[in-house]
Amino acid sequence: MRLAVVPVSDEGQGFWRQATREIYGKPIFAWSIAVALSSPCIDRVVVSTSDRKIADLAVKYGAEAPFLRPAEVTDDQIPPRSIVEHAIKNLYEDPNSIDAVCCLHPTAPLMSVEDIKAGYERLVQGNCTYAFAVTSFPVPLQRALRIGKDGHLAMYQPVHFGTDTQVPDEVWYDARHFYWARAEEWCRDRPVIGPDAVGVPVPRERVQFLSTPEDWHLAEMRVRAAKQCT
């Protein structure tokens, strides 16, 4: 059994930011449900929410919503690990009966089946606690600038002032798409991003953070373009 858990809330500014807002005709978290349902490496898709209306929407789009998340795991600052642990313990008496669990970000409309599969395959190869999506920064961070209160510029790393713009060390960040781990790992009090976690590279064109109105506008255009090309 390979389980996918999608944490969803319509409140707060954290992991599940505005997950019921629509993009290209349906709630954004429904895109995560759809890609999970299409993934051959996922057997069961469960939405974890404290809101009955969201639970009903989840069922409408093909997921299960067999419980409502209680207050102690509903706060905006609750880490995804705690939400997934709660889901596992509510769904299975024996967590060892689950092969692997994937936490899917609810606001990743460009996530792909191929990337989720790559994450699962990396997990089963062993030698890691978590396998999650990462993507590279589009520009070298070694040449990043900051603007002072007076408007003047300064380099974060002045040592790179005279270096070539193609700094050899590529820098990566959490793409906020998926996080694979064994069930027992989700139930341990350890951070997802740790020394034993591995990154699964995904193309930058499939990563879109949703923090500003401009982000949402760009996401709508990119999803529309992707669907028109399929």
Side-chain angles (χ1 to χ4, degrees), residues 2-9 14-19 23-24 28-48 63 78-85 87-88 98-139 141 169-183 185-186 190-211 215-216 218-219 222-223 225-227 230:
R2 292 159 300 193
L3 171 69
V5 177
V6 186
V8 182
S9 174
F15 183 80
W16 39 74
R17 183 192 302 257
Q18 301 182 55
I23 276 193
Y24 201 54
I28 193 168
F29 79 91
W31 294 99
S32 296
I33 291 174
V35 75
L37 292 172
S38 299
S39 299
C41 57
I42 291 176
D43 302 307
R44 186 179 185 186
V45 183
V46 171
V47 165
S48 173
I78 295 295
R81 189 201 60 76
S82 297
I83 296 173
V84 176
E85 179 183 9
I88 292 170
I98 314 173
D99 176 42
V101 183
C102 183
C103 179
L104 291 177
H105 202 286
T107 58
L110 298 165
M111 183 164 42
S112 77
V113 169
E114 292 76 19
D115 293 336
I116 293 174
K117 180 182 177 183
Y120 175 69
E121 290 175 346
R122 183 61 187 86
L123 178 70
V124 298
Q125 288 174 11
N127 299 319
C128 67
T129 52
Y130 288 89
F132 62 92
V134 296
T135 197
S136 59
F137 283 93
V139 296
L141 289 189
D169 292 333
E170 201 164 18
V171 183
W172 303 80
Y173 62 95
D174 178 3
R176 294 185 182 179
H177 276 195
F178 60 81
Y179 309 84
W180 277 105
R182 303 292 183 183
E185 189 63 40
W186 283 112
R190 297 197 297 190
V192 172
I193 302 178
D196 295 322
V198 297
V200 181
V202 300
R204 286 197 295 267
E205 61 265 25
R206 291 208 289 269
V207 178
Q208 178 64 58
F209 278 35
L210 296 170
S211 301
D215 292 339
W216 284 89
L218 181 57
R222 294 173 74 180
V223 170
K227 296 307 171 185
T230 58

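Just the heavy atoms: all of them, side chains too, but no hydrogens, waters or symmetry mates, feed the values below.
- Contact annotation: the side chain of R204 approaches that of S136 to within less than 4.5 Å [non-hydrogen atoms, C-beta and beyond].
- Between A108 and R176, the shortest heavy-atom distance links the atoms CB-O, 3.8 Å.
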Walk me through it: do L110 and V223 pass the test side-chain contact (heavy atoms from CB on, under 4.5 Å)? CA-CA 7 Å; L110 298 165; V223 170; 3.9 Å; yes

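- If you take OG1 on T107 and CD1 on I23, they are separated by 8.5 Å, rounding to the nearest 0.5 Å.
- Evaluation of the salt bridge (charged side-chain N to carboxylate O under 4.0 Å, His left out) rule for D43 yields R2 as partners, not counting sequence neighbours.
- In this pair, Y173 and F209 present their aromatic rings perpendicular. The plane angle is above 60°, beyond the 30 to 60° band.
- With a 4.5 Å cut-off on side-chain heavy atoms, T129 and P195 do not count as touching.
- Nearest approach of L123 to A131, heavy atoms of both residues: N-CB, 4.2 Å.
- Annotation for I193 and F132: closest pair CG1-CZ, 3.7 Å, computed over non-hydrogen atoms.
- Across all their heavy atoms, T135 and P203 have their closest contact at OG1-C, 3.7 Å.
- When side chains are defined from C-beta on, S32 counts as touching M111, because their heavy atoms get closer than 4.5 Å.
- Taking the six-membered ring where the residue is Trp, Y120 and W180 present tilted rings, their angle falling between 30° and 60°.
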